[in-house]
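This is a predicted model, so every value here is computed, not measured. For the single chain, residues carry numbers from 1 onward in sequence order.
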Amino acid sequence: MTGKIAASDSDDRWREDPSSRFKQVTQPQPAPQPSPPASSAPPPLQLAPPNARVIGTSDQTQRSDPAPAVVPPQSQTTLPETLADHTIEGNERRWQDIVSSARTSSWLLSLAIHLGLLILLALLTFRLGGNDTGIAIEGSRSTSASDARLESVSVTPDLATDNDQQLDTQVEVNVMQPEKDLATIQTDSVLPKNPLELSEHGLLEGGGGPQVSQMMMYMGGGGMSARTPEGRIKYGEQFGATSESEAAVEQALRWLQTHQQSDGSWSFNLDLAPCGGRCRHGKPASESTPTPKTAATGLALLAFLGAGYTADVGPYQDTVRKGIYYLKSVALETQVGFDWQQGGSMYGHGIATLAMSEAMAMMKINGQVDSDLFHHVQQAANFTTHAQHPNGSWGYTPGRPGDITITGWQVLSLVTAKKAGVQTRSDTFPRAKRFVMSVRDEPRYQFGYNSPKPEKTTTAIGLTLLLYLGQQPGLSFFDRELDRIAERGPTLTNVYHDYYATMALHHIRHRDWEAWNTQLRDHLVRTQSKTGHEAGSWHFSDKWGNVGGRLYTTAMCALILEVYYRYLPLYEAPEEFPL
């Protein structure tokens, strides 16, 4: 091992003869000692006497500088050489000590300088503040007597980290100096007393971002856990049902059951079997608006499900099972999911998807959804998201610009599917919200069909959709429009308007709910048909009632009378975990 070290070490002092490094100074002897043979090992290093002076060396070996000794005459010839070697070697080692000491001092000096610079920079940073853009803002506390002042600071975004911004975009930041210490500001002084323009509510105006989906997923209410016999009694009594209104619901469901076709479907055309034209006011023969059987089947199923009746529970199990089977059988498989348009109408697709989503959420076994139902709903939701127009709406056909009525059914179906665990595209709801806001008549919260030309029905739809898209009550213009709807009262003939308005007022637990509900509930109980083949049904002549006819009107009226327990209020804490 010693040989390998000597060969690999670049320091010559490890390769020279040890005897040349350590010149031994002998003590006085009585007689001269003969020199050892050349081949013998050098004598061992002797310890210095107590009064020897120690010289530090670079190889960490301590050597002795012995005191002067009497040298025999025969050894005096070697003494000068020995002393010279010791002198030269000592000087070299002293120089190495000086250099080593200087290097150590330089390192300590450098460390002190750098530490000082770091402390200085830290003090400057703490004093000036700063952020990612390099802009430093220094302020001081103001008193209540000082004048608040707004300052605009133009900040150029970092182009390397903000690729979504235009190269010449500047961000304007408003910096406001508060009038008094924030710790003393009262809660009621934070909220504005006057209505704010929508431009001051960027999140709502822009349709929101990921927050929309997050708010929808964590809304406290909206669940379907009250759709049980016990729930119908409890929440019916709490929110305004009566024995007469509950009897009207059961009569409407019996009428729907008798009008189910043999394949499990329903049709708006009452001239077909099993009705055979015995009921008036079916779909007019002259009506060209698409009214697919998937839409009629979906509406009828929603009425049964709203009362808590499924394929596993209640007296209409076979009726509900056949309806679900029909929708499964006619689902058209496409490259982007299952299509329930059936004749080119997204109305049919949206209503059928909503019915299947509710059925899936209600028909759980040990907390697990039916895998076949989940598959159909997931594929239907995929089709819905792909059919959305870039402006956020849905039209009669996929990918076409649409209106708020068709959009409403798609949004409600996707919200229900999402709450039941179905995956949707992250941008679907924000885009839908932006469309709803695009048909708003500013500054009021009144909405048009496909433009900002407000109508009563489309306004009721728009307000309800915003509630489902995460808009909570509390915004002045928003609340004021809900107040106007309650003050005007139900139309009593336009069930499309009354259905959405009833949902909105129920979900926020409006202060005028009792007056609204009493008027509409008692009107529907009075006007329900009591005799003949039409017993249990409704029909009112209006814009939408004349298209869907008696089946459409009957299903919608049943849904209105089920509102007490069909959904728990969206913005009231539920007493149990919602479905």
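- Side chains of Thr384 and His349: a donor on one and an acceptor on the other come within 3.5 Å.
- With 3.5 Å as the limit, one finds a donor-acceptor pair spanning the side chains of His507 and Tyr468.
- Side chain of Thr502 to backbone of Asp498: a donor-acceptor contact under 3.5 angstrom is found.
- In this structure, a donor-acceptor pair under 3.5 Å is absent between the side chains of Ser267 and Lys293.
- Taking CG of Leu302 as the start and CG of Leu354 as the end, the distance is 4.5 Å to the nearest 0.5 Å.
- Between His386 and Asn382, the shortest heavy-atom contact is ND1-O, 2.9 Å.
- The side-chain heavy atoms of Leu253 and Gln257, taken from C-beta on, include no pair separated by under 4.5 Å.
- Ring geometry, Tyr235 versus Phe239: the interplanar angle falls under 30°, so the pair is classed parallel (tilted spans 30 to 60°).
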Side chain to side chain contact (heavy atoms under 4.5 Å, CB included) assessment of Trp538 paired with Arg550 = CA-CA 6 Å; Trp538 288 272; Arg550 187 173 292 272; 5.7 Å; no
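- Side-chain contact, Thr385 with Arg425: no donor N or O sits under 3.5 Å from an acceptor N or O.
- Comment: Asp483 engages Arg511 in a salt bridge, judged by a side-chain N to carboxylate O separation of less than 4.0 angstrom.
- In this structure, the side chains of Thr228 and Tyr565 stay at 4.5 Å or more apart for every pair of heavy atoms.
- Ion pairing between Lys328 and Asp372 holds under the 4.0 Å rule for side-chain N and carboxylate O.
- In the model, Tyr564 has a side-chain atom that pairs as donor or acceptor with a side-chain atom of Asn517 under 3.5 Å.
- Using a distance-only test at 3.5 Å, with no hydrogens or angles considered, a donor-acceptor pair links the side chain of Thr458 to the main chain of Glu455.
- Between Met360 and His375 the shortest side-chain heavy-atom distance does not fall below 4.5 Å.
- Here the OG1-CG distance, from Thr459 to Leu482, works out to 10.5 Å after rounding to the nearest 0.5 Å.
- A salt bridge is defined here as a Lys NZ or Arg NE, NH1 or NH2 lying under 4.0 Å from an Asp or Glu carboxylate O, and Glu481 with Arg444 fails to meet this definition.
- A side-chain donor-acceptor contact under 3.5 Å links Arg278 to the backbone of Cys275.
- The main-chain N or O of Gly348 is never found under 3.5 Å from a side-chain atom of Gln341 such that the two would form a donor-acceptor pair.
- Ring planes of Trp516 and His497: tilted class, angle from 30 to 60°.
- At least one side-chain heavy atom of His506 sits under 4.5 Å from a side-chain heavy atom of Pro569.
- Between the side chain of Thr554 and the backbone N or O of Leu551, no donor-acceptor pair lies under 3.5 Å.
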Does the side-chain hydrogen bond (donor to acceptor under 3.5 Å, both in side chains) test come out yes or no for Asn494 and Thr457, once each step is laid out?
-> CA-CA 8 Å; Asn494 182 351; Thr457 300; 2.8 Å; yes
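- Side-chain contact annotation: Asn546 with Ser541, donor-acceptor N/O pair under 3.5 Å present.
- Of the possible donor and acceptor atoms, none in the side chain of Glu534 sits under 3.5 Å from a partner among the backbone N and O of Cys279.
- Using a 4.0 Å cut-off between a side-chain N of Lys or Arg and a carboxylate O of Asp or Glu, Arg566 and Glu358 qualify as a salt bridge.
- Counting only heavy atoms from C-beta outward, the side chains of Trp340 and Met356 approach each other to under 4.5 Å.
- Between Val377 and Ser357, the shortest heavy-atom distance links the atoms CG1-OG, 3.4 Å.
- In this structure a side-chain-to-backbone donor-acceptor pair under 3.5 Å is missing from Arg521 to Ala241.
- Across every non-hydrogen atom of Pro473 and Ile508, the tightest pair is CG-CG2, 3.5 Å.
- Summarising the geometry, atom CG belonging to Leu327 is positioned 6.0 Å from atom CG belonging to Leu301; distances are rounded to the nearest 0.5 Å.
- For the ring pair (Phe, Tyr, Trp, His ring centres under 6.0 Å) with Tyr347, the lone residue among Tyr496, Tyr396, Tyr552 that qualifies is Tyr396.
- Listed for the Gln378 side chain is no donor-acceptor partner under 3.5 Å among the backbone atoms of Gly337.
- Two residues are said to be in side-chain contact when any heavy atoms from C-beta on lie closer than 4.5 Å; Pro398 and Phe383 meet this criterion.
- The OH atom of Tyr325 sits 12.5 Å away from atom OG of Ser265, with the distance rounded to the nearest 0.5 Å.
- Residues meeting the side-chain hydrogen bond (donor to acceptor under 3.5 Å, both in side chains) test with Lys543, sequence neighbours left out: none.
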Kindly determine whether Ile404 and Asn450 satisfy side chain to side chain contact (heavy atoms under 4.5 Å, CB included), including the steps that lead there.
-> CA-CA 6 Å; Ile404 200 169; Asn450 55 11; over 6 Å; no
When you look at Lys453 and Asp441, which way does the side chain to side chain contact (heavy atoms under 4.5 Å, CB included) test go after all the steps?
-> CA-CA 7 Å; Lys453 183 180 180 181; Asp441 181 29; over 6 Å; no
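- Considering all non-hydrogen atoms of both residues, Ala558 and Val249 come closest at O-CG2, 4.4 Å.
- Between Phe268 and His281, the distance from one ring center to the other does not fall under 6.0 angstrom.
- Annotation: side chain of Ile365 is not in contact with side chain of Asp370 (no heavy-atom distance under 4.5 Å).
- Within 6.0 Å of CD on Gln317 lie more than 12 heavy atoms contributed by other residues, nucleotides or ligands.
- Between Pro274 and Gln261 there is a side-chain heavy-atom pair separated by less than 4.5 Å.
- Side-chain contact annotation: Ser438 with Asn391, donor-acceptor N/O pair under 3.5 Å absent.
- No side-chain N or O of Thr310 forms a donor-acceptor pair with one of Asp312 less than 3.5 Å apart.
- Panel note: side chain Gln388, backbone Thr428; a donor-acceptor pair is recorded below 3.5 Å.
- Scanning all heavy atoms of the two residues, the minimum distance from Thr294 to Gln342 falls at N-OE1, 3.2 Å.
- The aromatic rings of Trp266 and Phe304 lie tilted to each other, with the angle between the two planes from 30° to 60°.
- Note that the CZ atom of Arg431 and the OG atom of Ser426 stand 10.0 Å from one another [nearest 0.5 Å].
- In the model, Asp403 has a side-chain atom that pairs as donor or acceptor with a side-chain atom of Thr405 under 3.5 Å.
- In this structure, the side chain of His523 does not engage the main chain of Gln519 through any donor-acceptor pair within 3.5 Å.
- In the displayed structure, Arg488 atom CZ is contacted under 6.0 Å by more than 12 heavy atoms of other residues, nucleotides or ligands.
- Contact between Gln260 and Thr319 at its shortest, heavy atoms only, is NE2-O, 3.1 Å.
- The side-chain tip of Arg509 does not point at the ring of Tyr571 from less than 6.0 angstrom away and within 45° of straight on.
- Using modelled atom types and a 3.5 Å distance limit, the side chains of Asp339 and Thr334 yield no donor-acceptor pair.
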